[in-house]
There are 2 protein chains.
Amino acid sequence: MLEKLRQVESQQNLELADRLHSAAIHLLRRLRREDSASGLSAPRLSALSVIIFGGPVTMGELAAAEQVRPPTISRLVKDLERQGLVSRKPDPGDERVQRVSATAKGKRLLNEGRRRRVSKLATGLARLSSKERRQLLHSAELLERLTLPDGHPDSRKTGRKEQQQRHRATEG
Amino acid sequence: MLEKLRQVESQQNLELADRLHSAAIHLLRRLRREDSASGLSAPRLSALSVIIFGGPVTMGELAAAEQVRPPTISRLVKDLERQGLVSRKPDPGDERVQRVSATAKGKRLLNEGRRRRVSKLATGLARLSSKERRQLLHSAELLERLTLPDGHPDSRKTGRKEQQQRHRATEG
DNA sequence: AACTAATAGTTAGCTTAGCTAAGTAAATAT
DNA sequence: ATATTTACTTAGCTAAGCTAACTATTAGTT
């Protein structure tokens with residue numbers, strides 16, 4: 001009978017996971033169209049945020065923080081650079097690694113873009129009770145903890161050395 | 001001074017919105033690679049779910065439920081059809097509208113795919129306390145409510161008539 | 001009855017963002 | 001001195017979003 005109970009629990013976890021999944025999809029779709037004005041899509045916003053709050057950061061660290069493969073970051077940073085939002089220079093100690101940092105323009109745009117993007121959501125949040133908001137905050141933190149740990153499955157040795165350094169993306 | 005307080009509050013809402021945004025991005029990125037085996041990406045999973053639990057559904061209703069433009073749904077359904085997961089036939093009453101429903105294969109695959117996709121997350125959830133899980137569930141519901149209402153900005157009159165019919169995507 | 005409007009979908013074509021595979025260049029190890 | 005590993009890039013594919021422009025059906029107006 002303990003077995004039975006465990007099955008019920010895991011079924012509930014599956015359903016909860018499903019709800020969270022669904023909520024996340026809808027949240028992002030809702031927010032997506034808010035960002036076109038600033039030229040900052042969700043991934044760019046997120047990466048830029050890591051760059052700003054994580055200090056000058058390497059490509060590998062960025063990939064790890066964003067949970068994305070190196071080529072994805074490579075292109076993303078190239079684009080941000082073309083927009084004049086970040087700059088990079090090779091690490092003095094190791095010529096292979098690129099250290100990326102944000103420009104003044106990048107910092108300015110992050111705040112504007114972020115605000116624009118999430119402001120609709122923030123408006124909705126304002127209508128909630130402060131207790132509900134506290135719960136949401138707590139939930140967000142829980143989710144980040146559930147999401148980040150134990151690295152990529154098959155991370156092809158990307159950034160082994162630096163991988164334990166975790167950045168908190170898009171916050172600050 | 002009340003003004004000041006209101007500013008602080010809105011700043012906090014912005015930050016909370018930001019955290020939720022970030023958590024959603026990371027959650028989805030984490031889960032994305034789980035679904036390749038079944039051939040069901042997040043958008044397909046979500047749409048298929050609406051089709052199954054919303055009954056035979058029109059393209060417009062699907063677009064509204066998924067918060068996406070008609071062409072996006074058009075292609076998505078075409079792909080699902082090619083995979084043999086859904087079928088459609090013109091509405092008898094109105095030859096313009098397409099009624100989409102899931103095949104047996106589609107129903108089977110939804111459950112498998114969903115399970116595969118969220119199982120990693122569910123495993124993480126199992127490590128939480130039941131109180132924390134309850135909070136997460138509540139938060140997911142809050143977010144869905146914040147996300148769904150008041151339709152598209154500029155929805156170009158898509159499905160006006162049916163738009164108030166809301167479907168609960170990816171749950172059930 | 002015949003136009004005109006509106007509505008439901010589709011097609012074409014663009015963009016972004018993810019991926020793998022394969023390549024370069026620097027650092028490390030044998 | 002050479003081979004391996006590491007950090008990143010390039011090339012090229014796919015999925016999924018979008019707008020603009022199209023077809024076909026329905027509804028509305030003289």
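Model, not experiment: these values are computed from the prediction. Letters A, B, ... mirror the listed sequences (proteins, then strands); counts begin at 1.
- Look at CZ on B:R96: it is 9 Å from P on C:dT7, rounded to the nearest Å.
- The pairing partner recorded for D:dT26 is none, the criterion being a Watson-Crick or G-U wobble arrangement whose two distances lie under 3.5 angstrom.
- Its glycosidic angle being more than 90° from 0, C:dA22 falls on the anti side.
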- Please walk me through it: do A:M59 and A:R99 pass side chain to side chain contact (heavy atoms under 4.5 Å, CB included)? CA-CA 7 Å; A:M59 303 298 271; A:R99 297 231 157 243; over 6 Å; no

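- Within the 3.5 Å criterion, the main-chain N or O of A:T58 finds a donor-acceptor partner in the side chain of A:E61.
- Look at C:dT16: its Watson-Crick or wobble partner, with both distances under 3.5 angstrom, is D:dA15.
- Put simply, CD1 on A:I73 is 11 Å from P on D:dC8, counting in whole angstrom units.
- Here C:dG18 is the nucleotide among C:dG18, D:dT9, C:dT11 with the atom lying nearest to any side-chain atom of A:P43.
- A:K78 has its NZ atom 12 Å from the C1' atom of C:dT16, to the nearest Å.
- Comparing B:V97 and A:G93 against DNA chain C, the residue whose closest nucleotide sits nearer the 5' end is B:V97.
- Looking at the side chain of B:V68, the nearest of the listed nucleotides D:dC8, D:dT25, D:dG17 is D:dG17.
- Proximity of a side-chain donor or acceptor of B:T72 to a complementary backbone N or O of B:V68 within less than 3.5 Å is not detected.
- The side chain of B:R88 places an N or O atom within less than 4.0 Å of a non-bridging phosphate oxygen (OP1 or OP2) of C:dT10.
- Atom CG in A:D94 sits about 6 Å away from atom P in C:dT28, given to the nearest Å.
- Look at CZ on A:R99: it is 11 Å from P on D:dA7, rounded to the nearest Å.
- With the nearest nucleotide of DNA chain C identified for both A:R75 and B:M59, B:M59 has the one nearer the 5' end.
- Between the CZ atom of B:R44 and the P atom of D:dG17 there is a distance of 10 Å, given to the nearest Å.
- In this structure, B:R69 reaches the D:dT19 phosphate: one of its side-chain N or O atoms is under 4.0 Å from OP1 or OP2.
- In this structure, the CG atom of B:D79 is 12 Å from the P atom of C:dT11, given to the nearest Å.
- Counting all heavy atoms, side chain and backbone alike, B:S119 lies closest to A:L14 at CA-CD1, 4.2 Å.
- For B:T72, the side-chain atoms get nearest to D:dG17 when compared with the rest of C:dT11, D:dG17, C:dA27.
- Residue A:Q83 holds its CD atom at 8.0 Å from CG of A:L109, rounded to the nearest 0.5 Å.
- Distance CG (A:L62) to P (C:dG18): 12 Å, rounded to an integer number of Å.
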